[in-house]
Structures are given as structure tokens and as C-alpha cells.
Undergrad: 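So that we are looking at the same thing, I have put the structure below in C-alpha cells.
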There are 2 protein chains.
Amino acid sequence: MGRKKETVTIYDVAREAGVSMATVSRVVNGNPNVKPLTRKKVLETIRRMGYRPNAVARGLASKRTTTVGVVIPDISYAFFAELARGIEDIANMYHYNIILCNSDLKKEKELQLIEALFEKQVDGLLFLGGEVTDEHREIFSGSDIPVVLAATRDEKEKNRPFVTIDQVQAAKEATEVLIREGHRRIGLLGGPLTDPIIGYPRYLGYREALLDNGFTLEEKWIRLGNYRYDSGLKAAKELLGTEEGPTAFFAVNDEMAAGALHAAQDLGKRVPEEISVIGFDNIPLASQIRPLLSTVAVPMYDIGAVAMRLLTKYMNDEPIEKNQVVLEYRLELRDSTRLQGELAH
Amino acid sequence: MGRKKETVTIYDVAREAGVSMATVSRVVNGNPNVKPLTRKKVLETIRRMGYRPNAVARGLASKRTTTVGVVIPDISYAFFAELARGIEDIANMYHYNIILCNSDLKKEKELQLIEALFEKQVDGLLFLGGEVTDEHREIFSGSDIPVVLAATRDEKEKNRPFVTIDQVQAAKEATEVLIREGHRRIGLLGGPLTDPIIGYPRYLGYREALLDNGFTLEEKWIRLGNYRYDSGLKAAKELLGTEEGPTAFFAVNDEMAAGALHAAQDLGKRVPEEISVIGFDNIPLASQIRPLLSTVAVPMYDIGAVAMRLLTKYMNDEPIEKNQVVLEYRLELRDSTRLQGELAH
DNA sequence: CTGTTAGCGCTTTCAA
DNA sequence: TTGAAAGCGCTAACAG
């Protein structure tokens with residue numbers, strides 16, 4: 001009593017069943033080269049002895065662990081949680097498990113995590129959001145483990161596989177919705193411009209929309225936040241309180257957009273009659289507030305799923321026709337803009 | 001070119017540094033019994049050769065993988081995402097990685113996942129939400145791997161470690177808020193009564209509140225949903241449309257509560273003047289809608305963190321003073337009830 | 001269809 | 001403080 005359970009190994013099963021380890025290994029791995037009767041016998045003693053294959057030993061011998069590493073900024077963000085779900089579903093479908101790591105977008109942590117994942121001999125790595133620096137590239141290229149980027153891309157190493165959407169174009173189109181509505185004073189609720197994944201490209205799209213349509217970029221209508229609801233709320237309140245405040249907001253994500261929407265309401269302005277708001281991502285929150293938030297619908301689940309599927313191809317040496325995929329987005333115009341309906345991209 | 005990168009092993013390092021494998025192993029593992037000069041020399045050649053320890057081999061030899069399995073219903077639910085964050089943070093702090101698996105609360109999938117995790121030789125397992133059946137117990141007890149439950153408990157096996165809150169009591173108190181406001185017709189937006197973790201206990205709390213306060217349980221004011229916003233919205237609309245509809249709702253989670261709140265608003269009823277709503281969990285959504293949602297604040301992050309910490313104690317054979325912990329919750333009364341302020345439990 | 005035999009890369013006594 | 005050697009449990013040729 002109290003002592004460790006005896007672990008039964010493939011060798012024990014072999015002895016009991018009166019066959020060799022190799023044969024047991026074959027039936028465990030579904031190798032067809034086993035006489036049905038032998039298979040039956042082995043299966044029976046496996047069941048009887050409660051044998052459970054040791055995946056670590058298998059991993060060492062076969063050099064495949066059937067687990068993939070996933071480095072993600074923060075699983076508690078709806079956006080990434082949904083992405084992770086897409087990843088895990090496909091991983092599961094192909095019999096992989098995922099080791100999930102939150103990086104908080106900190107470079108040092110990312111590097112350390114990637115290193116740890118490589119030590120654990122993951123068969124592949126999915127790297128989400130966060131800038132790919134030379135140090136990342138160095139680790140990536142120092143090993144044969146396939147790496148695919150999801151919801152981001154490497155601006156420098158041009159052939160690194162990725163799955164994402166066209167952030168700039170989407171941001172531009174979202175801003176243009178506001179322009180088409182007749183707004184002339186359009187505020188930006190942005191993220192850090194140092195964020196090459198969200199903050200910067202979506203800012204670029206906003207900028208392009210204004211300039212292409214004959215507007216000038218007004219610093220005073222731009223506020224950079226941290227993607228959270230509160231930062232959108234606060235920034236919008238400030239802007240709305242100024243003399244010549246914006247009459248519409250493009251927020252680079254839905255949380256901040258929701259904050260802006262409520263800021264307007266809290267100040268007694270009606271949305272969308274007086275103030276229009278458009279967000280980005282289409283997380284559940286967008287359809288859980290009133291008025292319903294107009295937004296750019298990003299296929300979050302699909303980004304994760306497609307990226308994972310691509311990774312499986314690398315891991316199994318399947319032919320790869322396209323290793324960089326740009327998924328489509330939609331403009332989902334609900335009730336926080338006067339323009340409404342679903343606009344195909 | 002194109003051929004596999006040569007993997008450098010501990011043996012290569014030993015040869016190059018002119019020491020034995022054992023010595024290299026010692027410095028890699030921080031064993032103090034190494035002469036400083038030797039350590040320096042080894043470290044140097046490790047760096048020079050780009051040696052990366054193989055955690056799989058280490059795992060096989062040492063029988064510790066420093067990874068723990070996490071079986072969770074659905075990471076895309078805000079509630080579980082937040083819990084997962086708590087888990088991962090603490091895991092990371094103790095140098096463990098987590099293998100994250102979504103079970104969708106399906107028993108068969110749970111069992112298969114647990115089995116796979118055990119095969120992968122995880123050092124411990126965190127099992128979240130979902131009923132613990134005899135089949136679960138059989139797998140759990142068939143191995144020495146420590147298992148702790150989070151956000152749930154085992155009603156039958158009385159000494160299985162867990163970390164959760166008192167669901168029944170919390171639900172009761174939430175319902176009593178509505179009673180104290182003077183409501184006599186209180187609707188329940190519940191989950192499946194077959195869910196022993198959320199649906200059933202929170203229903204029990206609602207029931208107790210009514211009966212203890214001299215009310216009768218009215219079937220017609222009870223609607224069972226699937227925890228999602230839409231199901232709360234739909235159920236509340238139906239109830240509000242009936243002759244003698246409820247004037248207040250207790251929803252067993254915030255998403256459904258938000259749905260109810262909007263249902264009331266969509267029907268032109270004011271919250272909380274005409275209709276009160278109280279939710280459960282305190283996910284971010286609760287403070288991202290108007291009016292702000294009153295709710296039971298569940299320490300989601302802490303449940304995950306404490307459960308993981310408890311698990312580390314098991315994995316490291318630390319003394320355990322308390323292996324079943326019931327965390328405190330708070331009533332966070334915001335603007336969807338007339339009673340307001342933060343009520344300590 | 002089945003068995004034999006090397007490892008996989010590392011930890012861990014046990015001696016020295 | 002260091003080294004030698006025996007595994008950890010399994011896969012993968014190879015031989016038959």
C-alpha cells in the first residue's frame with residue numbers, strides 16, 4: 001500500500017502474450033503486418049494488464065512527440081481564445097496535443113518559451129501575434145522544427161509561412177465606411193504604433209483612408225490605448241469632450257469600440273444618429289451590446305484552424321501548395337453606424 | 001543543404017569539453033558538485049556548440065516531464081479562458097508547461113483526453129468543469145499522477161482535491177438580492193439541470209432562496225438555456241412577453257444575464273427601474289454593457305491559480321495542509337439591480 | 001508475419 | 001569532484 005503503482009511496459013505485455021516486443025509495438029501502432037489471431041491475443045493481454053503506452057519513450061525512439069507548441073499573447077483575450085480554439089480543434093483532429101503558452105507579447109518571454117518548447121521536442125510551433133525579430137529568426141532557423149505564424153507575418157523573412165488577413169486594407173475599408181456616412185471628423189482609437197501586428201497596420205489603414213479621400217490626418221483625433229475596453233472608454237470621453245471633437249470613431253478592436261460607444265452614450269449622445277462607431281475583430285462582445293457594434297469580421301477561428309492545418313502538412317511532409325495565406329474578412333455593419341448590412345470585402 | 005540539422009547531444013558536449021556525460025548533465029541541471037572551472041568550461045562548450053537539452057530523453061530517464069495536462073470545457077468561454085490564464089501563470093512560475101485540451105463537456109472526449117495525457121506522462125492533471133463519473137475515477141485511481149479538480153468537485157469520492165466556490169450559497173444570495181428589492185416574480189435563466197457543476201447547484205441556490213423566503217417555485221418562470229447570450233436573450237423575451245411575467249431575473253451566468261438585460265431593453269422596459277437582472281461569474285462583459293451588470297464575482301483567475309499551486313505541491317511532494325479549498329465570492333451589485341454596492345459575502 | 005537488436009539522449013546510482 | 005555504466009520504454013531496421 002502507498003507504494004508506486006507498477007508500470008507495465010511493452011516488454012511485460014510481450015512476455016505475457018508470448019510474443020516479442022516488436023509485435024506488441026506493431027499492434028499498438030496499428031501496423032497491418034500482424035496475424036489477426038496474434039493481434040487479438042496481444043490486444044487481450046494489453047487490456048487485461050492495463051497496459052498504457054509511454055508516449056515519452058515513444059517520442060524518444062521515434063523522434064516525434066505529436067505535440068505542437070503554441071505561443072500566444074494572452075489567452076484571456078476573446079480574440080486569442082477563439083483563435084486557440086480553432087488551433088486546438090484541428091490539432092485534435094490530427095491527433096496532436098498543444099502546449100499553450102502566454103507570452104504577454106514580451107519578447108524575452110517569447111524567446112524563452114520558444115526555446116523551452118523546442119527542448120520539449122514539439123513537432124511544430126505556432127507563433128501568434130508579436131513581432132518577429134532577428135532573435136526569433138535565429139532560433140527558428142536553428143532547428144528543423146516547422147514554425148508557422150498566425151495572425152501575424154514576418155515582414156523581413158519573406159518566406160516564413162503565415163496565416164492572417166490584410167490588416168491595412170481592412171482598417172482602411174472600415175474607416176471609409178465612416179467617410180461614406182459623411183463624417184469629416186473621424187477619431188482613431190488605436191493601439192501602440194510599435195505593435196507591428198495590430199497597432200501599426202490598422203493605424204496605417206486609417207491613415208490611408210483619410211489621405212486617399214482628401215482628408216488630412218489630425219493628430220488631435222488620435223488616441224492610442226491598450227486594446228482594452230477602459231482605454232477606449234477613456235479616450236473617447238476625452239475626445240468627445242473637446243471643442244471640435246470627432247463625430248465618428250474607428251477603433252482598432254472591438255473592446256475599445258465598445259468603450260467608445262458607451263462613452264458617447266454616457267455623454268448623452270446617440271449612436272449612430274450623432275456618433276458612429278466601428279470596431280475590428282467581431283468578438284462576441286460586438287453583438288452583446290446595444291446598439292450592436294459594426295465591425296470588421298475577422299475569421300479568428302479559421303486563422304487558427306488554417307494555420308494548424310498548414311503546420312500539420314509541414315509535420316507530415318505533405319505537399320504544400322501555398323504556405324502564406326491571407327484570409328478574407330467582411331465588414332459587418334450593424335447598428336453603431338448608419339450604413340448597415342453586410343458588405344462583402 | 002536541406003539535410004537535417006545535426007543534433008548535438010550531451011555526449012558530444014562531453015567529448016568536446018573533455019569531461020564525462022555525467023558532468024555535463026550536472027552542470028545542465030545546476031548540480032553544485034562541479035568544480036567552478038569545470039562548470040565554466042562545460043558551459044562554454046555548450047554555448048559554442050549550441051547544445052539544447054532534449055527534454056524527452058530527460059523525461060524518460062527521470063520520469064518527470066514538467067508538463068501538466070489541463071482538461072477544460074471550452075477555452076473560448078471567457079470564464080474558462082480567465083481560469084486558464086491563472087493556471088498557466090502559476091504553472092509557468094514553477095517551470096511547468098501545460099497541455100491544454102478542450103472537452104466540450106463531453107464525457108467520452110474527456111476520458112479519451114485524460115488517457116492521452118496520461119500516456120504523455122504529464123506530472124499532474126487539472127480537470128475543470130464536467131461531471132466526475134465512475135469512469136473518470138477509475139482512470140484517476142489507476143495511476144499515481146495527481147489530479148486536482150478546478151471549478152468543480154467530486155460529489156462521491158470525498159477526498160479528491162478541488163478548488164471551487166460555494167455555488168449553491170452564491171446563487172442563493174444572488175437571488176435574495178432580488179427578493180430584498182421587493183420582487184415577487186423572479187425568473188430563472190438556468191443551465192441544464194444535468195450539469196452538476198453550474199446548472200444544477202445554481203438552480204438549487206435559486207430554489208432555496210425562494211423557499212426559504214416563503215415563495216413558491218414557479219415552473220413557468222424558469223427557463224433553461226445553454227449559457228450563451230442568445231439563449232438568455234430568447235428566454236427572457238419569452239418570459240417577459242407572458243401575462244404575469246417576472247420582474248426580475250437571476251441568470252446563472254453573465255452571458256445569459258446580459259441577454260436578459262437586453263431583452264428587457266429591447267421590449268422597452270427600463271433596467272433596473274422596471275426589471276432587475278443579476279448574473280453570475282463577473283466576466284469582463286458584465287462591466288462592458290449598460291447598465292453595468294450586477295453579478296456574483298467569482299475569482300476565476302484565482303481558482304485556476306490556486307488549483308495549479310495545489311497541484312505543484314502534489315507533484316513535488318510538498319506537505320499539503322488543505323487539499324480542498326472553497327474560495328470566497330463577492331456580490332458585485334452594479335446598475336442592473338436597484339440594490340447596489342459591493343456586498344461582502 | 002515475427003523476432004532480434006541497436007539505439008533514442010539523458011539521469012542516476014555506484015565507485016573511485 | 002568526476003566517471004562508468006546501466007537503464008528509462010519504445011521504435012525501427014534487419015533478418016528470417
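Quick note on labels: first sequence line is chain A, next is B, and so on, each numbered from 1. Bear in mind that the values here come from a model prediction, so they are computed numbers and not experimental data.
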Undergrad: In terms of the nearest nucleotide of DNA chain D, which residue is placed more toward the 5' end: A:Y11 or B:S20?
TA: B:S20

Undergrad: Of all heavy-atom pairs between A:F162 and A:T152, which one has the smallest distance, and what is that distance?
TA: CB-O, 3.4 Å

Undergrad: What is the nucleic acid contact for B:V28, judged by heavy atoms within less than 4.0 Å: base, sugar-phosphate only, or nothing?
TA: nothing

Undergrad: Considering only residues two or more places apart or on different chains, which pairs with a residue in residues 58-74 of chain B satisfy salt bridge (Lys or Arg N to Asp or Glu O under 4.0 Å)?
TA: A:R85-B:D74

Undergrad: Could I get the full list of side-chain contact (heavy atoms from CB on, under 4.5 Å) partners for B:P196, not counting sequence neighbours?
TA: B:E131

Undergrad: Can you tell if the side chain of A:L310 reaches within under 4.5 Å of the side chain of A:I320, non-hydrogen atoms only?
TA: yes

Undergrad: Taking only residues at least two apart or on different chains, which pairs with a member in residues 23-37 of chain B satisfy salt bridge (Lys or Arg N to Asp or Glu O under 4.0 Å)?
TA: none

Undergrad: Which residues pass the side-chain contact (heavy atoms from CB on, under 4.5 Å) test with B:A116, sequence neighbours left out?
TA: none

Undergrad: Atom CG of A:N97 and atom CD1 of B:I98: how far apart are they, to the nearest 0.5 Å?
TA: 12.0 Å

Undergrad: Relative to the 5' end of DNA chain D, which residue comes earlier, A:V24 or B:G18, by the nucleotide with the nearest heavy atom?
TA: B:G18

Undergrad: Below 4.5 Å, heavy atoms only, C-beta onward: do B:Y51 and B:V28 meet side chain to side chain?
TA: yes

Undergrad: For B:D154, run the side chain to side chain donor-acceptor pair (under 3.5 Å) check against B:R137, B:R160, B:H136 and tell me which one passes.
TA: B:R137

Undergrad: If you take any heavy atom closer than 4.0 Å to DNA chain C, which residues from residues 112-120 of chain A end up in contact?
TA: none

Undergrad: Test of understanding: with side-chain contact (heavy atoms from CB on, under 4.5 Å), list the residues that count as partners of B:E318, not counting sequence neighbours.
TA: B:R309, B:K313, B:N316

Undergrad: Would you tabulate the nitrogen or oxygen pairs shorter than 3.5 Å linking the protein to nucleotides 13-16 of chain D?
TA:
none

Undergrad: For nucleotides 6-9 of chain C, tabulate all protein N/O to nucleotide N/O atom pairs closer than 3.5 Å, reporting atom names and distance.
TA:
unit_1, atom_1, unit_2, atom_2, d
C:dC8, O3', A:K63, NZ, 3.0
C:dC8, O2, A:A61, N, 3.3
C:dG9, OP1, A:K63, NZ, 3.1
C:dG9, OP1, B:T7, OG1, 3.4
C:dG9, N2, B:A57, O, 3.3

Undergrad: Hey, are B:T133 and B:K156 close enough side-chain-wise for a donor-acceptor pair under 3.5 Å?
TA: no

Undergrad: Below 4.0 angstrom from OP1 or OP2 of D:dT2, is there any side-chain N or O of B:T23?
TA: no

Undergrad: Is a side-chain donor or acceptor of B:N92 paired with a backbone partner of B:E88 at a separation under 3.5 angstrom?
TA: no

Undergrad: Just to verify, what does A:T7 make a side-chain contact (heavy atoms from CB on, under 4.5 Å) with, not counting sequence neighbours?
TA: A:T9

Undergrad: Report, one line per pair, each donor and acceptor closer than 3.5 Å where one atom sits in a side chain of residues 300-307 of chain A; sequence neighbours left out.
TA:
unit_1, atom_1, unit_2, atom_2, d
A:Y301, OH, A:D89, OD2, 2.5

Undergrad: Phosphate oxygens OP1/OP2 of C:dT11: is one of them under 4.0 Å from a side-chain N or O of B:S25?
TA: yes

Undergrad: Over its full length, what angle do the end axes of the helix from C:dC1-D:dG16 to C:dA16-D:dT1 make, each axis taken from five pairs and the result rounded to 10 degrees?
TA: 30°

Undergrad: B:N33 has an atom CG; how far is it from atom P of D:dG3, in whole Å?
TA: 13 Å

Undergrad: Return the minimal non-hydrogen interatomic distance between B:L125 and B:V70, and the atom names on each side.
TA: CD1-N, 4.4 Å

Undergrad: Could you give the CZ-to-P distance, from B:R15 to D:dA4, as a whole number of Å?
TA: 14 Å

Undergrad: Which parts of residues 35-44 of chain B get close to DNA chain D, meaning a heavy atom less than 4.0 angstrom away?
TA: B:K35, B:T38

Undergrad: Measure from CG on B:N29 to C1' on C:dC10 and round the result to the nearest Å.
TA: 9 Å

Undergrad: How about B:M315 and B:V68: do any of their side-chain heavy atoms sit closer than 4.5 Å?
TA: yes

